[in-house]
Amino acid sequence: MSQNLEEVASCSPVAEILPAVPVSEPADPGAGPFHAFPPVNPRFPYLWHGGDYNPDQWFKYPGTVDEDFRLFKEAGVNAISLGIFSWAHLEPEEGVFTFDWMDDIFDRAQKAGVAVILATPSGGKPNWLAHKYPEVRRMSRHGNWAGMPPVREEQHLRHNHCYTSPVYRQKVAEVDRRLAERYGSHPALAMWHISNEFGGECHCPLCYAAFREWLKAKYKTLDALNEAWWTGFWSHRFQSWDQITTIDTSIEGLALDWRRFCSDRTIDFCAAEAEVLRKYAPGIPVTTNMMGFYPGYDHFKMAKVLDVISWDCYPRYHDQPNTEETRVQALAHVLNRGLKDKPFILMESSPGPVNWAPVNRLLRPGQHLAKSLQAVAHGSDSVLYFQIRKGRGGSEKFHAAVIDHCGAETPKMRMFQEVQQVSKALDALKPLAGAYTPARAALVYDWESRWALELAQGPSNVGHDVGHVVRKHFDGMRRHGICVDVIPPDRDFSRYELIVLPSLYLLQDGFSDKCKAFVENGGTLVATYLTGIVNSSCLTFQHGFPGDGLRELFGVWDEEIDYLYPEERNEIIFASEESPRITGTWEVRNVCSRIHAENADVIATYGKDFYAGEPAVTCRKVGKGQAWYFAADCCDDGVAAFYAKLIDRIGIPRLVESELPTWLDVSLRVAADGKEYLFLINPTKEEAWINLGAHTWQDAFTGEPAAQSVHLGSWQTRVLVR
């Protein structure tokens, strides 16, 4: 039943990468930048607690499902995600469908008051499908560098289906339609969960044919493509579309377009599933579970075909201080809140150790509550787990779960009791469903810019970790107790007072004009080294970096970059008389850009090497605002000191008066009734005192007034309300 390559375009029009599908938006867009949202599903207006449930794996164990639902009640489970990898049970043979077991779970859930998040099963194809229709299996790129053709993968693991295959799309649409028709109006259905953790790419003839059609739709002519890809290099000019048969990474424009295509293929596949669900079960919100900053597709574009954002979070908090993990997880939660600029769903987490880490340590008492409420603090309307009941076999049989292998004995276990603790906390925080976060500062993050920098062969082959720069500047602001958003380049800037461009290597068309307008109207803009180097085709800007008008906006010329060896250090010296006055000497690693202050004030200079005394941090006043350029990879404390002065100058209010240690997380959410919930989270064994200032708070769980100075012990979480 394989389809000819010529027919591939007709099965999914590659020229229309993102089909027009309805998505939910804020209920009152005119309410201003800060307002609460409706719950994910108004029929289930509370914070969801539960997770991935696989009753189809327990058919031969009588009484297991009865016991599960009894334990659901004890654990405070009010939501389950169902059917994620159940295709082989839903359709054991081609065209033969069995729904009795799922009917039973839906009816039990309704009686128990448990919401069902129903998944489409496309993330794991059944064996009969993989063997009868080989084209649904991906082809890997193994050996392409040596001139060997792509290799068809065997049926194994999961998430290894071809997103282009017409057969696979047809089979997925059929099972999705049957699920939507059967359960779309069931009162227990709360949300659709499309597939599971999308990712990967396929190098089969179908995908390469679709890629060429994608390129034709984008460039129209080969001359335009050759110009954009700079194919004169190494004599790689294309005279025919059919000559594009492999992904040559020496042509960065080609490699970047391939990543864009794979991203669009993934999103198009998800959108096709969403279209079926919305057609046959209208009114039910749609999501898919993402993976933080996963590089495989553009999450901001994926968000456009979804109603709700959800993601899978597995922080590795152990009994040692892990300053990096705190900000990594906070940043990832903030990203997911920013994908649709509203609350998200924590679709997967673990109540205990996972099975896949090099060392699977136990969570210390209190850490499960801390990491769960960290998600809620930054915008989650749920705490859901993988998994509800541990399986007996398979690679994840030792992955922690709400219900352990000991079954009925589970309630005696510490892990189960900590799940109960989370349930009680979520019940007390029920008004937070739909609550917003009043962030007045933001970082700009762009998947395409990240891909382009990862593909770049130079200016060095180390120091290209965009995530490192993003985390450093996010943490520099976060440590002063302010809320921060992560936004795409095309988001409205007007609601923010401070925006940071952390190594925004690639600039989208028109972005520089947007930055200029933001600053002229009173905004404060901060850019770091490796910003504004190439255009959307990976071609460098001419006339000096940062390019496309940013050189004039910041008043600096970034002439060259010095990459340091791992053991090397430089320093930057702040000695500014300008407001805000910043002083101090701070260590620099990895990257030092040599810049010229052409029309900007010098705020800091380098302390060492032949460029000692040259500018390292500059500021230019433009209109009502300021444009800052940060040329070096300064240490965490130095970046934090910089933002301390900048935040005070701008006047962004701090949530607390204390400067926060790197391992402490503070955030704020505001409920529909106007009450503010302040989260103080310590997921490590360290201790801290937090000065709340003159604000009057009370404990959200006990109702007792909070002291002005709050102590946070090891692995302790406090939630205050006013």
Side-chain angles (χ1 to χ4, degrees), residues 47-54 57-58 64 67-68 70-81 84 196-197 289 291-292 310-322 325-326 328-329 332-333 345-377 380 382-426 663 665 681-685 714-717:
L47 301 179
W48 295 351
H49 185 227
D52 190 327
Y53 184 48
N54 301 287
Q57 297 175 16
W58 295 92
T64 300
E67 184 68 10
D68 289 344
R70 182 184 73 80
L71 294 174
F72 286 177
K73 187 173 182 180
E74 285 199 40
V77 168
N78 60 31
I80 56 174
S81 47
I84 295 175
N196 184 71
E197 294 181 342
N289 52 334
M291 297 174 284
S310 64
W311 87 288
D312 299 347
C313 175
Y314 293 95
R316 296 175 62 186
Y317 290 126
H318 302 313
D319 65 334
Q320 298 297 319
N322 192 333
E325 193 70 7
T326 301
V328 165
Q329 300 309 324
H333 289 311
I345 291 294
L346 179 62
M347 184 62 73
E348 287 186 23
S349 62
S350 179
V354 297
N355 68 293
W356 41 260
V359 178
N360 293 303
R361 299 210 68 188
L362 296 178
L363 292 174
R364 271 42 192 169
Q367 283 188 319
H368 177 51
L369 179 66
K371 70 181 180 63
S372 297
L373 292 189
Q374 186 182 33
V376 176
S380 178
S382 74
V383 175
L384 302 175
Y385 310 117
F386 178 85
Q387 50 193 331
I388 295 289
R389 174 180 276 276
K390 277 186 179 179
R392 291 196 66 194
S395 62
E396 293 177 315
K397 63 179 178 290
F398 293 119
H399 193 293
V402 176
I403 303 173
D404 203 78
H405 291 137
C406 62
E409 299 296 314
T410 296
K412 300 177 183 178
M413 301 179 69
R414 178 181 67 90
M415 192 183 303
F416 188 87
Q417 293 166 5
E418 294 213 350
V419 168
Q420 291 176 314
Q421 186 182 16
V422 170
S423 176
K424 292 175 182 177
L426 296 180
W663 40 265
D665 200 4
I681 298 171
N682 177 16
T684 75
K685 71 175 184 180
S714 302
W715 308 301
Q716 186 177 8
T717 299

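In this structure Asp52 satisfies the side-chain hydrogen bond (donor to acceptor under 3.5 Å, both in side chains) test together with Asn54, sequence neighbours excluded. Under the rule for a side chain to side chain contact (heavy atoms under 4.5 Å, CB included), the partners of Glu409 that lie at least two apart in sequence or sit in another chain are Cys406, Lys412. Under the rule for a ring pair (Phe, Tyr, Trp, His ring centres under 6.0 Å), the partners of Tyr385 that lie at least two apart in sequence or sit in another chain are His49, His368. Scored by the side chain to side chain contact (heavy atoms under 4.5 Å, CB included) test, Ala370 finds Ile681, Pro683, Thr717 as partners (sequence neighbours excluded). With sequence neighbours left out, the ring pair (Phe, Tyr, Trp, His ring centres under 6.0 Å) criterion links Phe398 to no other residue. Evaluation of the salt bridge (Lys or Arg N to Asp or Glu O under 4.0 Å) rule for Glu348 yields no partner, not counting sequence neighbours. Asp665 is linked by a salt bridge (Lys or Arg N to Asp or Glu O under 4.0 Å) to Arg478, counting only residues two or more places apart in sequence or in another chain. Residues meeting the side-chain hydrogen bond (donor to acceptor under 3.5 Å, both in side chains) test with Ser310, sequence neighbours left out: Thr287. Judged as a salt bridge (Lys or Arg N to Asp or Glu O under 4.0 Å), and not counting sequence neighbours, the contacts of Arg414 are Glu418. Under the rule for a ring pair (Phe, Tyr, Trp, His ring centres under 6.0 Å), the partners of His333 that lie at least two apart in sequence or sit in another chain are Trp311, Phe344. Annotation: side chain to side chain contact (heavy atoms under 4.5 Å, CB included) contacts of Ser714 (sequence neighbours excluded): Lys685, Glu687.
Here the side chains of Ile80 and Phe72 are in contact, with some heavy-atom distance below 4.5 Å. Considering only heavy atoms from C-beta on, Leu363 stays 4.5 Å or farther from Trp715 through its side chain.
The shortest non-hydrogen separation linking Ala375 to Leu346 is CB-CD2, 3.8 Å.
At least one donor-acceptor pair closer than 3.5 Å links the side chain of Glu325 to the backbone N or O of Arg316. The backbone N or O of Cys313 lies less than 3.5 Å from no partner atom in the side chain of Lys371, so there is not a single donor-acceptor pair. Distance alone, capped at 3.5 Å, is enough to place a donor-acceptor pair between the Ser349 side chain and the Leu384 backbone. A donor-acceptor contact shorter than 3.5 Å links the side chain of Gln387 to the backbone of His399.
Sorted by first and then second residue, the salt bridge (charged side-chain N to carboxylate O under 4.0 Å, His left out) pairs involving residues 396-408 (not counting sequence neighbours) are Lys390-Asp404.
Atoms OG and CG, on Ser423 and Leu47 in that order, are 10.5 Å from each other to the nearest 0.5 Å. Note that the CD atom of Gln417 and the OG1 atom of Thr410 stand 11.0 Å from one another [nearest 0.5 Å].
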